[in-house]
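Just so it is clear: chains get the letters A, B, ... in the order the sequence lines come, proteins before strands, and each one is counted from 1. Bear in mind that the values here come from a model prediction, so they are computed numbers and not experimental data.
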Amino acid sequence: MPLKNIKHELKDLDNVSVTALRIISILDMLLKEPLSDSEINQKLQENIKDSRALSKDTICIYINTLRAIGCEILRPTKNNEYKYILKSNPFKLNFSQEEINSLIEVRKYISTLGNWKLAVEMDDLFCQLHKQMNQESKKLFTFLKKADLCREIDIKNFSQDIDLIEKYCNENQNIMILYNSPNSGEKEIVIKAEKLTLENGSFYIWGYSYDINETTYLRLDRIKAIKLINLKENNNKALNNKALEVKYKLAKNSTFLFVPSGYEIILEENDKEFFIQAQVSNKFKFIQGILSYGSSCTIISPESIKMEIIYKLKKMTEAYQDIYLT
Amino acid sequence: MTKKLKVSSTAYRILLLLLHLNEDRFNVSQLNEIFSKDAQVARYFSKDVILKYISTLRVAGYKITKPCLSNKYTYELEKSPVLSNFNERQLKVLAIMDSYIKSLHQIKLIEKYQSFLKKLQKIIPDEQVQLLNKELLNQNENPEADYFRHEHYAELIKKIESLKKDKCRVSIKYKLSEEAEEKQVIFELKNIKYDKNEVYISGYSPVIGQTQLIKLGQIIDAKQLPTQSQYNQILSPVIFKLKGNLAKVYRPYENEKVVYSGEKSYSITVTAYIEDQDILLNRLLKYGDSCEVLYPKNTRDSMVKIIGKTLNNYE
C-alpha cells in the first residue's frame with residue numbers, strides 16, 4: 001500500500017492535485033479497515049501536514065468519487081458503528097487470452113500426467129487468481145476453462161476434505177463412504193482406502209471393497225460423507241490374494257506406446273510383441289483397457305478373462321449386424 | 001432515473017488513470033483516448049495536465065515507469081494499489097507451473113506464462129515476490145522433477161511451432177515403427193498435443209480430407225511447402241450412440257456434443273469432431289457393447305473390422 005509511510009506537507013505539494021491525494025489516501029485507509037468520518041479526518045491530517053479538517057459533506061464527495069470509479073463502499077449506519085466499509089474495489093488484473101491460455105494448457109497437461117495433488121493445488125490457485133482478475137479476464141478465463149478443461153471435475157464439487165482422504169489412504173484406513181451412485185442412488189460402501197488418482201479429469205479414491213471382494217474406485221465428487229470405521233479381524237482376512245494374475249501380448253506396431261504401469265511387468269519381448277504380466281485388482285477397468293488396444297492385444301491367460309473378452313466382443317458385434325449380414 | 005453522485009472531477013480522472021495503469025501500460029495519447037471514451041470525463045487534456053495527474057500518483061507513492069524508448073514511451077504502474085497475499089504453497093505451484101510450461105518447449109506458451117507472472121507480481125507483496133523468484137530458481141534446478149519428459153523433442157517442437165506460425169502447408173515424412181515403410185503426408189498444422197508419454201501434432205490432410213495425429217517420435221522430416229493452409233479449421237464429425245449406465249454418467253470430451261438423449265431406454269447420441277479416428281475408436285472400444293458408431297459409414301466399418309480382427313485373435 002503506497003501511502004503507508006508517506007507524510008506530506010501541503011507547501012511541498014506543487015503540481016499535484018491535493019484532493020486526489022486525499023482521496024487516494026482514504027482508499028488506502030479503507031483497504032486496511034473500516035473508518036468513521038472523524039477517523040478519516042484524523043488520519044488524513046496525520047498523512048498530510050497542515051491539512052484542514054474536512055466537513056462531512058466533503059468526505060461524502062470523496063467517498064462518492066471512490067464509488068464512481070468502482071469501489072463498493074457501505075454507508076455509515078448504526079449497524080456498522082457509523083463507519084465506511086470498503087466491500088470491493090476495481091483494481092484488478094487484466095490478462096490476455098494467450099496468457100490465460102498458458103495457464104489452461106499447463107493444467108491440461110498436469111491432468112494427462114495424472115498428478116492429482118498438483119491438479120488440486122492448481123485449481124485452488126486458479127480460484128485465488130480468478131478473484132484478482134477484472135471482469136473481462138474473468139469471463140475469458142471461465143470461457144477457456146469450460147472449453148478446454150471441459151472434462152475436469154471442479155474441486156468445488158468435493159464435499160469432503162481431500163487432505164483428510166489422502167491421510168486415510170496413506171494410513172490404509174477402513175472407511176465407510178456415503179456414495180451417490182448414478183445407477184442406484186445414495187448407498188454406503190466400506191473400503192480399505194488405498195490411493196487417490198486423477199484420470200480423464202476425474203478424481204478417484206481406490207480401495208479394497210469387502211462387499212464385492214475386489215479393489216474398487218469411486219469418484220470423489222460423488223462422495224457425500226466419509227467416516228472411519230473399525231472392522232473385525234476376520235473381515236480383514238478377505239484382503240489376501242485380491243489381485244488376479246493376467247498374461248497378455250501386445251503388438252509393438254500398434255498405435256500405442258506401451259509403458260508398463262505399476263502393476264505390470266514385461267515378461268518377454270521380441271521384434272513384434274511384448275508379453276506382459278499384470279496383477280489385476282479391478283477387473284472391469286482392466287478389461288476396458290484391453291478392449292481399447294483392439295486387435296493389437298490378445299489375452300493369454302487365465303481362461304476366464306479370455307472368455308470374458310470374447311463374450312464382450314461378440315456382444316459388440318450385435319450392434320453392427322447390418323454390416324455382418326452384407 | 002438514478003441520482004448522479006457529486007464527485008471530485010479531477011480526483012475521478014486521476015483514479016481512472018490509476019485504474020487503467022493497473023491493467024496495462026499506456027502512452028499519453030492512449031490515456032487521452034481513455035479519458036475521451038469515459039462517460040464521466042468525455043474530453044481530451046493537454047499533455048501537461050496528464051503529467052500533473054501522473055505526478056499526483058507518484059507523490060501518492062505509486063511507482064510509475066518513466067516513458068522511454070525501451071518501454072515504447074509508455075507509463076506503467078509497478079505495483080498495484082491493492083496487494084494480495086499468496087501462501088507459500090501457491091507460490092511454489094506458480095513456480096512448478098513455470099517449469100512444466102518450459103518442459104513443453106513451446107516458445108509462445110513460455111513467453112505468455114512469463115508475461116502472466118510479470119503482471120501477477122504487481123499484486124504480490126515484495127517479500128512474496130522474492131519468495132516466488134527463489135522458488136522459480138529452485139524448480140528450474142530441480143533434477144528430480146518431472147520436467148524432462150519431452151526434452152528429446154525440444155528442437156522438433158520449436159520447428160513445428162515456427163512452421164505453424166507461417167500458416168503454410170507442410171510435408172511430413174514419418175514411419176509408424178522402425179521396420180515400417182516410410183510414409184509422407186501433406187499437412188495443415190493445427191496443434192501440438194501432449195500426453196503422459198507422447199507428443200503429437202494434429203493437422204488436416206487435404207489429400208485424404210481428414211484430420212489426423214502424428215507422433216513426434218515417428219517423424220523423420222518436416223518441410224514447409226509454398227502453399228498457404230486453407231482448411232485447418234475443419235474437423236471430421238463422428239456420431240456414436242451410448243446406452244445404459246455409461247450414457248447416464250458420460251461427460252463429453254473436448255469438441256464433443258451430446259446431440260440427443262433417448263427418453264425410454266436410456267441412451268445418448270454424441271457428435272465428436274475428431275482429430276484422429278484411430279484414437280477415438282480406441283476409446284470407443286473401451287465402452288464395449290454400450291457404444292455403437294453410427295456415422296460416417298467408413299468409421300462404422302472400421303469399428304466392425306477392429307472387433308472382427310480382435311475376435312480372430314482368439315480363434
Task: Residue among A:Met122, A:Gln132, A:Gln288 with most heavy-atom pairs under 4.5 Å to chain B - done: A:Gln288
- [ ] Check the pair B:His150 / B:Tyr194 against ring pair (Phe, Tyr, Trp, His ring centres under 6.0 Å), numbers first and verdict last.
- [x] CA-CA 9 Å; B:His150 311 302; B:Tyr194 301 82; 5.4 Å; yes
- [ ] Using non-hydrogen atoms and a 4.5 Å limit, figure out which bit of B:Leu16 sits close to chain A: side chain, backbone, both or neither.
- [x] both
Task: A:Phe203 six-ring face occupied by A:Arg219 cation (under 6.0 Å, within 45°) - done: no
Task: Pi-cation contact, B:Tyr253 with B:Arg283 (under 6.0 Å, within 45°) - done: yes
Task: Interface residue of largest heavy-atom contact number with chain A, from B:Arg89, B:Lys241, B:Lys248, under 4.5 Å - done: B:Arg89
Task: chain A interface, residue from B:Leu51, B:Asn312, B:Ile96, B:Val293 that has the most non-hydrogen pairs under 4.5 Å - done: B:Val293
Open item on the list: At a heavy-atom distance under 4.5 Å, which candidate from A:Lys131, A:Lys306, A:Lys92 has the highest pair count against chain B?
Closed with: A:Lys92
TODO: Give every residue pair that meets the salt bridge (Lys or Arg N to Asp or Glu O under 4.0 Å) criterion with at least one member in residues 106-115 of chain A, sequence neighbours excluded.
DONE: A:Glu105-A:Lys108, A:Arg107-A:Asp123, A:Arg107-A:Glu152, A:Lys108-B:Glu254
Task: Contact leader toward chain B among A:Leu149, A:Asn134, A:Leu27, where contacts are heavy-atom pairs under 4.5 Å - done: A:Asn134
- [ ] Go through the steps for B:Gln139 and B:Asp98 under the test side chain to side chain donor-acceptor pair (under 3.5 Å), then give the verdict.
- [x] CA-CA 8 Å; B:Gln139 289 302 324; B:Asp98 176 68; over 6 Å; no
- [ ] Mind telling me whether A:Phe95 and B:Phe116 have parallel, tilted or perpendicular rings, with 30° and 60° as the class edges?
- [x] tilted
Open item on the list: Among B:Thr10, B:Leu284, B:Val249, which residue has the highest count of heavy-atom pairs closer than 4.5 Å to chain A?
Closed with: B:Val249
TODO: Measure distances from B:Pro125 to the heavy atoms of chain A and classify the residue's part below 4.5 Å as side chain, backbone, both or neither.
DONE: neither
TODO: Specify which of B:Ile54, B:Asp195, B:Ile306, B:Asn245 makes the most heavy-atom pairs with chain A at under 4.5 Å.
DONE: B:Asn245
Open item on the list: Parallel, tilted or perpendicular, judged at 30° and 60°: which one describes the rings of A:His130 and A:Phe141?
Closed with: tilted
Task: Contact origin within B:Ser103 toward chain A - heavy atom pairs under 4.5 Å - done: side chain
Task: Segment of B:Tyr53 engaging chain A (4.5 angstrom heavy-atom cut-off) - done: neither
Open item on the list: With salt bridge (Lys or Arg N to Asp or Glu O under 4.0 Å) as the rule and sequence neighbours excluded, what pairs involving residues 108-120 of chain B come up?
Closed with: A:Glu98-B:Lys108, A:Glu98-B:Lys112, A:Glu99-B:Lys119
Open item on the list: Working to the nearest 0.5 angstrom, can you tell me the gap between A:Tyr320 OH and B:Ile307 CD1?
Closed with: 5.0 Å
Open item on the list: Less than 4.5 Å to any heavy atom of chain A: does that hold for the side chain of B:Arg149, its backbone, both, or neither?
Closed with: side chain
Task: Contact winner vs chain B - A:Arg151, A:Lys315, A:Met316, heavy-atom pairs under 4.5 Å - done: A:Arg151
Task: Residue B:Asn85 versus chain A: region with a heavy atom under 4.5 Å - done: backbone
Open item on the list: Just so I understand: if I count every heavy-atom pair under 4.5 Å between each of B:Ile279, B:Leu18, B:Asp289 and chain A, which residue has the most?
Closed with: B:Asp289
Task: Interface moiety of A:Ile287 toward chain B, non-hydrogen atoms closer than 4.5 Å - done: neither
TODO: Could you tell me which portion of B:Gln40 (side chain, backbone, both or neither) has an atom closer than 4.5 angstrom to a non-hydrogen atom of chain A?
DONE: side chain
Task: Under 4.5 Å from any heavy atom of chain B - which part of A:Ile23 - done: side chain
Task: Side chain, backbone, both or neither of B:Leu15 within contact of chain A (heavy atoms, under 4.5 Å) - done: both
Open item on the list: Tell me which of these, B:Leu109, B:Asp24, B:Asp146, has more heavy-atom pairs under 4.5 Å with chain A than the rest.
Closed with: B:Leu109
